[in-house]
S.K.: 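Here it is, the structure in full.
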Amino acid sequence: MQRNQKRILIAAVLLLASVLLFIKPVTNTFVNANTGDGSVSSPYTVTQAMANQDNSTKTVEGYIVGQPVSTTSVIKLNFPNNYAFALADSPSATNIEEMIYVQIPSSFRTSFGLQSNPSLLGEKIKVTGTLTNYFSHAGLKNGTAFEQHEDGTQPPESNPDPEPETPSPDGYYDAANGKSGEQLKSALHDIIDDHTEISYSNVWEALRETDEDPSNSNNVILLYTGRSQGKNENGGNADDWNREHVWAKSHGDFGTSMGPGTDLHHLRPTDASVNSSRSNLDFDEGGSEHTEAAGNYYDSDSWEPRDSVKGDVARMIFYMDVRYEGDSGEPDLELNNQVNNGSAPYHGKLSVLLEWHEEDPVDDLERRRNEIIYTDYQHNRNPFIDHPEWVAEIWD
């Protein structure tokens, strides 16, 4: 009898062990299955979002762990603005490689910017936006919905239009409001002056973001040809794209020096051979159509870009005139109504540029580009994209 009881006990122990062995992998699978499909009801984790930087629109949930101020730096106090926060899967995360950088569109900054809401640090947030690099780091941009988790005090918000607002937020242009003429120009100079400068080598990477083809995230759109070309097909060969100084760098002889030579507000990707043809020509109408760039015309003293970017060119030139006024050792750049300006710090032709500004109004690509330069790189704006009406207030 005792022998039979012993056998029964051993059999029971073996049966229990086999059950536990069967349950263990199932339990582990459940614990590690904290993933979603990126929908609002089943959001991505931060880890998933970082692994899927494919320009798709997804919802991501995580804890706010600080504010990114560069590719390698996230701060946890004394937040300088309301433009971004970093999310992680753990509220105690300190490794930047475990964080995703979230750009905060203007319509959400009052409620979710860390400068205005430092108590959000450590809170769980759900954000819907585009999975794409921000500050050259895994990111979430163009947010359309921000929601504080569960018992948070912030109600869900949605943004029907992810394009930046006009004018820009946070009182950026307060000092210019109500002014005109030289007073307006001076006020705008003081607002956009002293931007964060980047090196000429870093312009390559910046242009890959500012001029990205919205229909193909692997490409950039070239300014004069309108061609969509691979982001990494840049260089000096005839069909590569290179860095065009819309305000010709010889007009003021600033070259590629940091400041006017690397200012993204007038640097654009262009076909290398077309860029060579444009050279340092002033802008005017007329000439022969370029064989590689349909709709662009040029002669010995001027260049006329295609119709759909005429206004873009004009507003870039207007920006340069206002931004560079000869202070801090910078050139004093001025518009005039001439061509053949050569190495003088002048650019023309003003009367034609004013016409182009009216004929080709600001579009969404310009607004998007202006916002990226402001938030990701230089932290200044082109006021004539935000306020096209100011052109007439200064030059008409």
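Values below: all heavy atoms of this structure, side chains included; hydrogens, waters and symmetry mates excluded.
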S.K.: CD of Glu197 to CG of Leu264: how many Å apart, nearest 0.5 Å?
M.R.: 11.0 Å
S.K.: With Trp395, which residues qualify under ring pair (Phe, Tyr, Trp, His ring centres under 6.0 Å), at least two apart?
M.R.: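 With sequence neighbours excluded, Trp395 shows a ring pair (Phe, Tyr, Trp, His ring centres under 6.0 Å) to Phe318, Phe384, given in chain and number order.
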S.K.: Rounded to the nearest 0.5 Å, what separation is found between the CG atom of Asn55 and the CG atom of Asn142?
M.R.: 9.5 Å
S.K.: Can you name the residues that form a salt bridge (Lys or Arg N to Asp or Glu O under 4.0 Å) with Asp37, not counting sequence neighbours?
M.R.: none
S.K.: Please report the interatomic distance CD1(Ile372) to CG(Asp211), rounded to the nearest 0.5 Å.
M.R.: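 With rounding to 0.5 Å, CD1 (Ile372) is 8.5 Å from CG (Asp211).
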S.K.: Would you check if there is a donor-acceptor pair between the side chains of Asn219 and Ser228 at a distance under 3.5 Å?
M.R.: yes
S.K.: Does Pro260 offer a backbone N or O that forms a donor-acceptor pair with the side chain of His266 under 3.5 Å?
M.R.: yes
S.K.: Hey, does the side chain of Lys76 reach the backbone of Val65 with a donor-acceptor pair shorter than 3.5 angstrom?
M.R.: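 Yes; at least one donor-acceptor contact below 3.5 Å.
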S.K.: Enumerate, atom names and distances included, each donor-acceptor pair closer than 3.5 Å involving a side-chain atom of residues 85-92, sequence neighbours excluded.
M.R.:
{"unit_1": "Asp89", "atom_1": "OD1", "unit_2": "Val46", "atom_2": "N", "d": "2.8"}
{"unit_1": "Asp89", "atom_1": "OD2", "unit_2": "Thr47", "atom_2": "N", "d": "3.1"}
{"unit_1": "Asp89", "atom_1": "OD2", "unit_2": "Thr47", "atom_2": "OG1", "d": "2.7"}
{"unit_1": "Ser90", "atom_1": "OG", "unit_2": "Ser92", "atom_2": "N", "d": "3.2"}
{"unit_1": "Ser90", "atom_1": "OG", "unit_2": "Ser92", "atom_2": "OG", "d": "3.0"}

S.K.: Under a 3.5 Å threshold, yes or no: a donor from one side chain and an acceptor from the other, between Asp240 and Asn234?
M.R.: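 Absent: no donor and acceptor within the cut-off.
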S.K.: Considering residues at least two apart in sequence or located in another chain, which fulfil the ring pair (Phe, Tyr, Trp, His ring centres under 6.0 Å) criterion with His347?
M.R.: Trp247, His251, Phe283
S.K.: Yes or no on salt bridge (charged side-chain N to carboxylate O under 4.0 Å, His left out) for Glu393 and Lys185, after CA distance, side-chain angles and deciding distance?
M.R.: CA-CA 9 Å; Glu393 293 288 339; Lys185 185 178 180 183; over 6 Å; no
S.K.: Is Glu209 paired with Lys141 through a side-chain N to carboxylate O contact shorter than 4.0 Å?
M.R.: yes
S.K.: Just by distance, do the side chain of His245 and the backbone of Gly261 share a donor-acceptor pair under 3.5 Å?
M.R.: yes
S.K.: Is the shortest side-chain N to carboxylate O distance from Lys310 to Glu355 below 4.0 Å?
M.R.: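 No.
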S.K.: Please lay out, stage by stage, how Leu333 and Phe254 fare under the test side-chain contact (heavy atoms from CB on, under 4.5 Å).
M.R.: CA-CA 10 Å; Leu333 304 182; Phe254 51 77; 4.1 Å; yes
S.K.: Say you draw a straight line from CD1 of Ile100 to CG of Leu131; how long is it, rounded to the nearest 0.5 Å?
M.R.: 5.5 Å
S.K.: Excluding sequence neighbours, so at least two apart, what forms salt bridge (Lys or Arg N to Asp or Glu O under 4.0 Å) with Arg315?
M.R.: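 Scan of Arg315 (salt bridge (Lys or Arg N to Asp or Glu O under 4.0 Å), adjacent residues dropped) gives Glu366.
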S.K.: Are Ser288 and Tyr297 packed together at the side-chain level, in the sense that at least one heavy-atom pair is separated by less than 4.5 angstrom?
M.R.: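 Counting from C-beta outward, Ser288 and Tyr297 never come under 4.5 Å.
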S.K.: Any chance you could lay out the side-chain contact (heavy atoms from CB on, under 4.5 Å) test for Glu285 and Lys349, step after step, and finish with the verdict?
M.R.: CA-CA 9 Å; Glu285 295 182 345; Lys349 190 175 185 179; over 6 Å; no
S.K.: May I ask you to test the Ile373-Arg381 pair for a side-chain heavy-atom distance under 4.5 Å?
M.R.: no
S.K.: Looking at Phe79, I'd like to know if its CZ atom is crowded, meaning that more than 12 non-hydrogen atoms belonging to other residues, nucleotides or ligands lie closer than 6.0 Å.
M.R.: yes
S.K.: The criterion is ring pair (Phe, Tyr, Trp, His ring centres under 6.0 Å); which residues satisfy it with Trp356, sequence neighbours excluded?
M.R.: none
S.K.: Taking atom CD of Gln183 as the centre, does the number of heavy atoms from other residues, nucleotides or ligands within less than 6.0 Å exceed 12?
M.R.: no
S.K.: Please answer whether the main-chain N or O of Glu292 pairs with a side-chain N or O of His290 as donor and acceptor at a distance below 3.5 Å.
M.R.: yes
S.K.: Calculate, to the nearest 0.5 Å, the distance between atoms CD and OG1 belonging to Gln229 and Thr270 respectively.
M.R.: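 If I round to the nearest 0.5 Å, the distance is 10.0 Å.
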S.K.: For the backbone of Val74 and the side chain of Tyr101, can you confirm whether one donor and one acceptor N or O come within less than 3.5 Å of each other?
M.R.: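 Checking the backbone N and O of Val74 against the side chain of Tyr101, no donor-acceptor pair under 3.5 Å is found.
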S.K.: Measuring from atom CZ of Arg208 to atom CG of Asn133, what distance do you get when rounded to the nearest 0.5 angstrom?
M.R.: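 One finds 12.0 Å between CZ of Arg208 and CG of Asn133.
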S.K.: Does either side chain, that of Asp263 or that of Tyr319, offer a donor lying less than 3.5 Å from an acceptor on the other one?
M.R.: yes
S.K.: Could you tell me whether His195 and His379 have their ring centroids closer than 6.0 angstrom?
M.R.: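 Ring centroids of His195 and His379 are no less than 6.0 Å from each other.
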S.K.: Both conditions, 6.0 Å and 45 degrees, for the charged tip of Arg243 above the ring of Tyr200: are they met here?
M.R.: yes
